[in-house]
There are 2 protein chains.
Amino acid sequence: MDKPLDLLIVDSILDAIADQRLPAGTKLGEQALSDIFGCNRANVRRALATLTAHQVVDLLPNRGAYVATPTPEDARNVFQARRAIETTICRNVVRRATAEDIAALRRHLIEEDAARGRDNRPAAIRLSRGFHILMARLGGNPVLARYLEELTMRSSLIIGLYATAPVTLCAEDEHRGIVAAIEAGDEATALRLLDEHLRHLEAGIDFDRERVVAGSLSAALRG
Amino acid sequence: MDKPLDLLIVDSILDAIADQRLPAGTKLGEQALSDIFGCNRANVRRALATLTAHQVVDLLPNRGAYVATPTPEDARNVFQARRAIETTICRNVVRRATAEDIAALRRHLIEEDAARGRDNRPAAIRLSRGFHILMARLGGNPVLARYLEELTMRSSLIIGLYATAPVTLCAEDEHRGIVAAIEAGDEATALRLLDEHLRHLEAGIDFDRERVVAGSLSAALRG
DNA sequence: TGACTCTCGATTGTTAACAACTTATGATAA
DNA sequence: TTATCATAAGTTGTTAACAATCGAGAGTCA
């Protein structure tokens, strides 16, 4: 029943990155993480190796681990990969979605709405990503779902680095339109709206100025 | 100039899996790997964590690491993911390919031909995968290229487990047709041929019987 | 024969101490 | 002031010993 400790560390850091609590470039010291999670360095090292394999952490020999800082070129490639993968996921959803699946999507839209209404930015970020993750689950292909989790994680880093407006989230009405098309079984429209949605997201990024935000590790890893 | 030791272990095991020298289910004992690579267990453990993150190794707590054995469902999902990703890669290649790129593809076809003519099965396997990897490189999107590397690795495991005929490789003429379409700048044809090619590959698999092949670790890891 | 338990060997997990490296600090000299 | 270099502190890498767990096999009993 007890989960492996290193996976707990991985998930904890992954969540912090996805929620934009851990900004790009933050140093992930072994001792610091050991203290935070109350374990020995061995587990931390394993966790860092896993995160490095997922491309959200850069591991410099003899110099430690840092949250990855995607370049503008990385950003373009990540968004192209998202279009490729999410298109297939969306097609799967249109073809497989049960009434219950669509109800789940609608419930999610309501939650997103509520978080936005309350001006709850952290929740809005999480739910915005959650929409895409939920689609991936409903698509029924865990291989694609796992890749999309990675890509949305990296998208969070990219948005945190290069976003212009104070808020750059998925526009809620775009999600709503996609769900409507799925419910209507209109595959072509769903795919078109999704593609546009991802392009809008990418367009809301300004590659000129990269804002550097130093973060406190222990503060970021509560939750 | 010296590469990190754990990455050397990872690459070595990855190559062995891609070349079908390491069959699915093979136990990867820490002590055995330490002996083979002449290092301490710490590096081996880090390498196994990385391989687990790449989904080519299953890590069972307190029971050790084993080369992953994909299920038939995994297989379907892997091939669907390949179609999604390689389609985008191929589109990129058609749009970006220089004369030199196309020359590289043609050279690769000749090598494949030669290996087949010599009945050199190991080389044929490696080159067959190499064609897809080369396309991924020429596509210019390292994010997609990395995913495709993972997926071709898992394809090797799948083919090793479920392939019916003694030889289940990419049909060389199918690769040839794709290159011809790329050279002609005929995007639609290239995409269609690639999609068909991947479906043929998947069709050449018999999910009924799963042949179990036990392998020797030290023998598989030469090269 | 079949099922169950116990013990032993082997493997993985944990911990701590030590070595090697990197970086920051401060002193020295031009 | 600026540059260079030496020292020191902190961090990562390595190693070895020890603890915990699992699986196989022998043995026992119905």
Side-chain angles (χ1 to χ4, degrees), chain A residues 1-13 22-69 212 214-221, chain B residues 1-13 22-69 212 214-221:
Chain A
M1 221 44 174
D2 41 4
K3 321 235 162 181
L5 183 48
D6 54 345
L7 281 206
L8 197 142
I9 300 175
V10 168
D11 288 343
S12 190
I13 293 179
L22 260 186
T26 307
K27 164 132 194 180
L28 301 172
E30 296 186 358
Q31 192 63 43
L33 290 174
S34 302
D35 294 345
I36 291 175
F37 291 99
C39 66
N40 50 22
R41 274 171 50 206
N43 296 45
V44 169
R45 287 171 74 88
R46 176 139 49 154
L48 290 176
T50 301
L51 291 165
T52 301
H54 285 304
Q55 306 259 78
V56 293
V57 161
D58 287 338
L59 198 44
L60 313 180
N62 282 319
R63 294 181 48 193
Y66 299 81
V67 177
T69 66
V212 180
S216 149
L217 234 192
S218 52
L221 291 179
Chain B
M1 221 40 179
D2 42 3
K3 322 236 163 179
L5 183 47
D6 54 342
L7 282 204
L8 197 142
I9 299 175
V10 169
D11 288 342
S12 191
I13 293 179
L22 260 187
T26 306
K27 164 131 194 180
L28 301 173
E30 296 185 358
Q31 191 63 44
L33 290 173
S34 302
D35 294 345
I36 291 175
F37 291 98
C39 66
N40 50 22
R41 273 170 50 203
N43 296 54
V44 169
R45 288 169 74 87
R46 174 135 55 148
L48 290 176
T50 301
L51 291 165
T52 300
H54 285 303
Q55 307 259 77
V56 293
V57 162
D58 288 337
L59 199 43
L60 313 181
N62 283 319
R63 295 181 48 193
Y66 298 82
V67 177
T69 67
V212 181
S216 149
L217 233 192
S218 52
L221 292 178

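Computed from heavy atoms alone, side chains included, the values below leave out hydrogens, waters and symmetry copies.
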Contact list for residues 54-68 of chain B, test side-chain hydrogen bond (donor to acceptor under 3.5 Å, both in side chains), sequence neighbours left out: His54(B)-Glu150(B)

Partners meeting side-chain hydrogen bond (donor to acceptor under 3.5 Å, both in side chains) with Asn40(B) (sequence neighbours left out): none

Test side-chain contact (heavy atoms from CB on, under 4.5 Å) applied to Leu217(A) and Leu33(A), step by step: CA-CA 8 Å; Leu217(A) 234 192; Leu33(A) 290 174; 4.1 Å; yes

Asn40(A) side chain near dT14(C) phosphate (N/O to OP1/OP2, under 4.0 Å): no

side-chain contact (heavy atoms from CB on, under 4.5 Å) between Leu28(A) and Val67(A), intermediate numbers included: CA-CA 7 Å; Leu28(A) 301 172; Val67(A) 177; 4.1 Å; yes

Whole angstrom value for the distance that separates C1' of dT12(C) from CG of Asn43(A): 13 Å

Length of the CG-P vector between Leu7(B) and dG13(D), whole Å: 12 Å

Separation of Leu48(A) CG from Ile9(A) CD1 (nearest 0.5 Å): 8.0 Å

All N/O pairs under 3.5 Å across the protein-nucleotides 5-12 of chain D interface:
{"from": "dT12(D)", "atom 1": "OP2", "to": "Glu30(A)", "atom 2": "N", "distance (Å)": "3.3"}

